[in-house]
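Here is the structure we will look at.
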There are 2 protein chains.
Amino acid sequence: MKNLPAPAVVDFGRLRVACSSCSLRELCLPAGLEAREMEKIDRLVNQRRRVRKGEHLYRAGAPLAALYAIRSGFMKSCVLYEDGREQVAGFHMMGDLLGMDAIGGGRHMSDTVALEDCEVCEIPFPVLQRLSREVPSLQHQLHRVMSREIVRDYGVMLLLGSMKAEERLAAFLLNLSQRFSARGYSPTEFNLRMTRQEIGSYLGLKLETVSRSFSAFQEQKLIKVRQRHVCILDLAGLRAMLGPPR
Amino acid sequence: MKNLPAPAVVDFGRLRVACSSCSLRELCLPAGLEAREMEKIDRLVNQRRRVRKGEHLYRAGAPLAALYAIRSGFMKSCVLYEDGREQVAGFHMMGDLLGMDAIGGGRHMSDTVALEDCEVCEIPFPVLQRLSREVPSLQHQLHRVMSREIVRDYGVMLLLGSMKAEERLAAFLLNLSQRFSARGYSPTEFNLRMTRQEIGSYLGLKLETVSRSFSAFQEQKLIKVRQRHVCILDLAGLRAMLGPPR
DNA sequence: CGCGTCCCTTGATATAGGTCAAATTGAGGA
DNA sequence: TCCTCAATTTGACCTATATCAAGGGACGCG
């Protein structure tokens, strides 16, 4: 939550940002827009913001000011009880759009925290509303993104409601793999940005169980893990963990 | 929950339907619109549709044609695996808007089935898109509804990820109570429309566990259950089940 | 370079909830 | 009215995962 320490060279806040020249435009909110429409969209993002590891992008209860698109870095969102229990509701990476939980009530309903230094594009919500009226395909795109979030949540329910520990972890790894792949990174080798505890919270398991499942997969030669570094050795085998075992 | 006194003869498909005169307008999509705007909205719903108990409103894979608002009756949505496992993702009652999972990919991602005879308003999606461009507060309302669905899903994740059996059931009953209450029904006495199995699927439990938890609550004088009929005797006590026990 | 802290792994044990089985109840149909 | 079938309840037992506990890296800081 601190300000920039010493605007090293570039002041991101002032930097002119344009979706039309962003390398993530095919993954992010403007995906699928035509060049003509993209121009109008460039007014959408008024500034970038840095979020340092451990800092909050927003907290539950904070009024909705903007939605955020991740430019770089990794984040988690959590929902909390009154009594302090915390449940990780999702992990987010570049191209993901955050903050949609706040549209309904005008206040954020989750905490979103950077798991490593991040850079996000700030999209003032009123601007987004106005522009999406003017640019029908932006409107449609926004609806698509929200809808996909709903579908993603259904997937998590399925996972939490009917899968057992190792299935959950396999699904988690495959999901990460697929998302890294879609962003041009290796689908089989990556670094986890979250702790075993955070993975466990997301999967509805204790950290020990997560750790044991990792070890079991390694035993079966499905993956190779060392701390946060994961290598998927047998993608098909990992997929097979999901279906058959009733 | 009953129909109007005399509709025995009316063909619902042909019936002129108007949100502005609907008794659910404050709960449903048009909530909060002004009279002036409400008029435009009346074009939104082109017909009503009956769905008999056990029939599908839509199936996973079906192309998105319309969103649906429940006029009366009770439904469930399920997501399925390849291998046939099924997870109930939600229960829906009058005023709820269904089908938003299909906006992202153009196809429904869940099965929605009537748990009793239902009546729904069909809202052709293209019409909704066009009107929400013309009527900003409808646009906003649509965003609100989608956002609230996301928040609801977060709540289910919390439930599935970090609560134990009796807490889950308590949360489930309190949620129903609150929704019935918001619709003008008794918050403390109602009939469940779903089986123990369906409750179990939704809560990530087996039907036997659901049954035992019901019995335990009854033992503690928190509720009275007889089959599908539930009486909540101690609302505060039920709420207390959620917080304290670590 | 050494220390402290956090994270991860692994083992031993406990338990919540799953599984299997049987009896009871209730609703709808013949 | 009786019959059948599905839903529910309850008991006994078992298993997956939680819990408790101990030890071993890795990393940042002094």
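Heavy-atom basis, side chains included; hydrogens, waters and symmetry copies ignored. The sequence lines fix the lettering, A, B, ..., with proteins before strands; numbering per chain opens at 1.
- Put simply, CG on B:Leu169 is 15 Å from C1' on D:dT9, counting in whole angstrom units.
- One interatomic measurement links the two molecules: NE2 of A:His229 to P of D:dC27, which rounds to 13 Å at whole-angstrom precision.
- A:Lys164 and A:Glu167 are not joined by a salt bridge, as no carboxylate oxygen comes within less than 4.0 angstrom of a charged side-chain nitrogen.
- In this structure, B:Glu166 atom CD and C:dA16 atom P are separated by 10 Å, rounded to whole Å.
- In this structure, A:Arg193 atom CZ and C:dC6 atom C1' are separated by 20 Å, rounded to whole Å.
- Atom NZ in B:Lys206 sits about 5 Å away from atom P in C:dT19, given to the nearest Å.
- Listed by chain and number, the residues in a side-chain hydrogen bond (donor to acceptor under 3.5 Å, both in side chains) with B:Thr188 are B:Ser186 (sequence neighbours excluded).
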All N/O donor-acceptor pairs, side-chain side in residues 208-223 of chain A, below 3.5 Å, sequence neighbours left out:
from: A:Ser213; atom 1: OG; to: A:Thr209; atom 2: O; distance (Å): 2.9
from: A:Ser215; atom 1: OG; to: A:Ser211; atom 2: O; distance (Å): 3.1
from: A:Gln218; atom 1: OE1; to: A:Val225; atom 2: N; distance (Å): 2.9

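- Here the side chains of A:Val145 and A:Leu29 are in contact, with some heavy-atom distance below 4.5 Å.
- Applying the ring pair (Phe, Tyr, Trp, His ring centres under 6.0 Å) test to A:His108 and every residue at least two apart in sequence or in another chain returns A:Tyr58.
- Looking at residues 194-204 of chain B, you'll see B:Gly204 sit with a heavy atom under 4.0 Å from some atom of DNA chain C.
- Of the inter-residue distances, the one linking B:Met109 atom CE with A:Tyr154 atom OH reads 10.5 Å to the nearest 0.5 angstrom.
- As a whole-Å value, the separation of B:Leu207 CG from C:dA22 C1' is 14 Å.
- The interatomic distance linking B:Glu167 (CD) with C:dG17 (P) rounds to 9 Å, in whole Å.
- Regarding contacts with the backbone of D:dA18, a side-chain N or O of A:Thr209 is found under 4.0 angstrom from either OP1 or OP2.
- Close placement of the A:Tyr202 and A:Phe91 rings is indicated, their centers lying within 6.0 Å of each other.
- Without hydrogens or angle criteria, A:Gln87 side chain to A:Ser201 main chain gives a donor-acceptor distance under 3.5 Å.
- Partners of A:Glu189 under the side-chain hydrogen bond (donor to acceptor under 3.5 Å, both in side chains) rule, at least two apart in sequence or in another chain, are A:His229.
- Computed from coordinates, the A:Glu208 CD to C:dA14 P distance equals 16 Å when rounded to whole Å.
- Minimum atom distance to the side chain of B:Leu205 is reached by C:dG18, of the listed C:dG18, C:dT19, D:dC20.
- A heavy-atom distance below 4.0 Å to DNA chain C is reached by these residues of residues 210-228 of chain A, ordered by number: A:Ser211, A:Arg212, A:Ser215, A:Gln227, A:Arg228.
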